[in-house]
Amino acid sequence: KPFLKTRYLGHTGEYHDLIGSTNDRAKELAANKVPEGFLVSANGQTAGRGRFGRSWNSPPGQGLYFSLVLYPSLPPVELPRLTLLAGLALAQALENLGVNVQIKWPNDLLINGQKVAGILTEIAAEAERTIYAVVGIGINIEPLDEEVKSSFAYPATALKEHLPGVSRQSLLAMFLERFEKLYEEFKKGEFAQSLTEYKKRLAFLGEEVMIITGDREYIGVLHDLGEDGSLIINDGNTVKRFAAGEISLRRK
Ligand code: ATP
Ligand code: BTN
């Protein structure tokens, strides 16, 4: 707290030694209107979640697991952009510590092509109005158990393999500072600049990728991101757009 240079992110919060999911807890608190920027963090999670109900491996003491409660008065359709902003903020914080990262659209951070962190944004809305948004982040800090790692759908890594002396506290503080700035701009309608910064770190740009939806697979070149943050794929004949939240992305 004394080091935290934010205006409000992380000024209120609770810490859990072990919890099911910080996102679940944050949603519960958001429904009860805790202050904006409320931070739920945990040393370990027993039911950490990724997208599509997949599980996020969160062993005690091995990572940074936290969720933020936000009340943006923006239409729900714009809120998937929070995932992009959080990814960018985390990328910038890690770059500041001296490690190069790429962002696997929409929600994963890669170091040397291996997943080091993931973001899960969940929202509640009613009649096109946002009630709350919860942005949850999981970062692998300590090297992962080899057996666990090999069970993942995508190659994984941990921050200490690249930055042995990293401090969780200061990484969290740096993330909160960057994210608060991006979030404030976003609420003022300034998303374009963040998108430009995000694109600089976009993994697989110009490369052939595979898009996995619930029932289909598409192959094409990752061409660009739309101004709304959607993914644009060119398969030689047609250009297709995908919204965050509906697909998984793979390098072909
Ligand atoms: P992917 O390309 O991995 O499918 P995704 O964004 O489609 O990415 P997510 O739901 O974001 O999938 O991530 C959850 C997946 O990540 C899990 O199915 C698992 O394979 C993998 N995973 C779970 N825990 C971790 C972890 N701590 N670090 C890295 N990967 C993990
Ligand atoms: C993903 O890659 O699918 C996103 C993983 C998000 C994991 C974090 S850990 C803190 C928060 N609580 C959860 O249950 N999930 C997010």
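In each ligand, atom 1 is the first atom listed, and ligand 1 is the first ligand listed. Please read all numbers here as calculations on a predicted model, not as lab measurements.
- Of the protein's non-hydrogen atoms, the one nearest atom 11 (O) of ligand 1 is Asn107 ND2, 3.2 Å.
- Considering all non-hydrogen atoms of both residues, Gln45 and Ser21 come closest at OE1-CA, 3.4 Å.
- Using a 4.0 Å cut-off to heavy atoms of Gly50, the atoms of ligand 2 that qualify are 1 (C), 3 (O), 4 (C), 5 (C).
- If you number the atoms of ligand 2 from 1 as listed, the ones under 4.0 Å from a heavy atom of Arg51 come out as 3 (O).
- Close contacts between ligand 1 and Ala156 involve ligand atoms 29 (C) [criterion: under 4.0 Å to a heavy atom].
- Under the 3.5 Å distance criterion, the side-chain polar atoms of Arg51 are left unmatched by any main-chain donor or acceptor of Leu120.
- Contacts between Ile119 and ligand 2, counted as non-hydrogen atom pairs separated by less than 4.0 Å, involve the backbone only.
- Side-chain contact check for Phe204 versus Gln102: every heavy-atom pair is 4.5 Å or farther apart.
- With respect to Glu28 and Arg25, a salt bridge is recorded, a charged nitrogen being found less than 4.0 Å from a carboxylate O.
- Using a 4.0 angstrom heavy-atom cutoff, Ser67 counts as in contact with ligand 2.
- In terms of N/O distances under 3.5 Å, ligand 2 is not approached by Tyr65.
- Counting heavy atoms under 4.0 Å from ligand 2, residue Asn107 touches it through the side chain alone.
- Within the listing of ligand 2, atoms 7 (C), 8 (C), 9 (S) sit less than 4.0 angstrom from a heavy atom of Gly138.
- Neither the backbone nor the side chain of Arg54 comes within contact range of ligand 2; no heavy atom lies under 4.0 Å.
- With rounding to the nearest 0.5 Å, the separation of NZ in Lys149 from NZ in Lys115 is 13.5 Å.
- Among protein heavy atoms, atom 10 (O) of ligand 1 sits closest to Arg51 N, 2.9 Å.
- Under a 4.0 Å N-O distance rule, the pair Glu95/Arg178 does not qualify as a salt bridge.
- Ranking protein heavy atoms by distance to atom 15 (C) of ligand 1, first place goes to Lys115 NZ, 3.7 Å.
- Inclusion of Ser248 in the set of residues having an N or O under 3.5 Å from an N or O of ligand 1 is warranted.
- Looking from atom 5 (P) of ligand 1 to the surrounding protein, the closest heavy atom is Arg54 NH1, 3.2 Å.
- Taking every non-hydrogen atom of Ser21 and a distance limit under 4.0 Å, the qualifying atoms of ligand 2 come out as 12 (N), 13 (C), 14 (O).
- Under the 3.5 Å distance criterion, the side-chain polar atoms of Tyr71 are left unmatched by any main-chain donor or acceptor of Thr130.
- The shortest separation from a heavy atom of Lys104 to ligand 1 is under 4.0 Å, placing the residue in contact.
- Looking from atom 1 (P) of ligand 1 to the surrounding protein, the closest heavy atom is Arg250 NH1, 3.3 Å.
- Checked by atom type and distance alone, the side chain of Ser67 never pairs as donor or acceptor with a backbone atom of Gly136 at under 3.5 Å.
- Closest to atom 24 (N) of ligand 1 among all protein heavy atoms lies Asn57 N, 2.9 Å.
- Near Gly48, with a cut-off below 4.0 Å to any heavy atom, the atoms of ligand 2 are 14 (O).
- Glu184 has no carboxylate O lying under 4.0 Å from a charged side-chain N of Lys188, or vice versa, which leaves the two without a salt bridge.
- Those atoms of ligand 2 with a heavy atom of Thr22 less than 4.0 angstrom away are 10 (C), 11 (C), 12 (N).
- Applying the 6.0 Å contact sphere to CZ of Arg54 captures more than 12 heavy atoms from other residues, nucleotides or ligands.
- Of the protein's non-hydrogen atoms, Asp108 OD1, 2.8 Å is the one closest to atom 2 (O) of ligand 2.
- Between Glu36 and Lys187 there is a salt bridge, with a side-chain nitrogen of the basic residue lying less than 4.0 Å from a carboxylate oxygen of the acidic one.
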Checking Leu222 against Glu207 for the side chain to side chain contact (heavy atoms under 4.5 Å, CB included) test, could you report, in this order, the C-alpha distance in whole Å, the side-chain angles of both residues, the deciding distance, and whether it holds? CA-CA 6 Å; Leu222 201 171; Glu207 294 175 30; 5.9 Å; no
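- Given atom 19 (C) of ligand 1, the protein heavy atom at minimum distance is Phe152 CD2, 3.8 Å.
- Remark: ligand 1 and Tyr154 share no N or O pair separated by less than 3.5 Å (distance only, no angle test).
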Phe52 and Ser248: side chain to side chain contact (heavy atoms under 4.5 Å, CB included), yes or no, with the steps? CA-CA 10 Å; Phe52 314 115; Ser248 282; 3.8 Å; yes
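- Near Phe66, the atoms of ligand 2 lying under 4.0 angstrom from a non-hydrogen atom of the residue are 10 (C).
- Between Trp56 and ligand 2, not a single N/O pair is under 3.5 Å apart.
- Considering Gly50, Ser55, Gly48, Ala153 only, the shortest heavy-atom separation from atom 17 (C) of ligand 1 involves Ser55.
- Between the side chain of Asn107 and the main chain of Ile119, a donor-acceptor pair closer than 3.5 Å is present.
- Asn140 ND2, 2.9 Å is the protein heavy atom nearest to atom 28 (N) of ligand 1.
- Taking 4.5 Å as the limit, some side-chain heavy atom of Asn140 sits within range of a side-chain heavy atom of Trp56.
- Counting only heavy atoms of the protein, atom 15 (N) of ligand 2 lies nearest to Arg49 O, 2.8 Å.
- Seen from the ring of Phe186, Arg81 does not count as a face-on cation partner, given the 6.0 Å and 45° thresholds.
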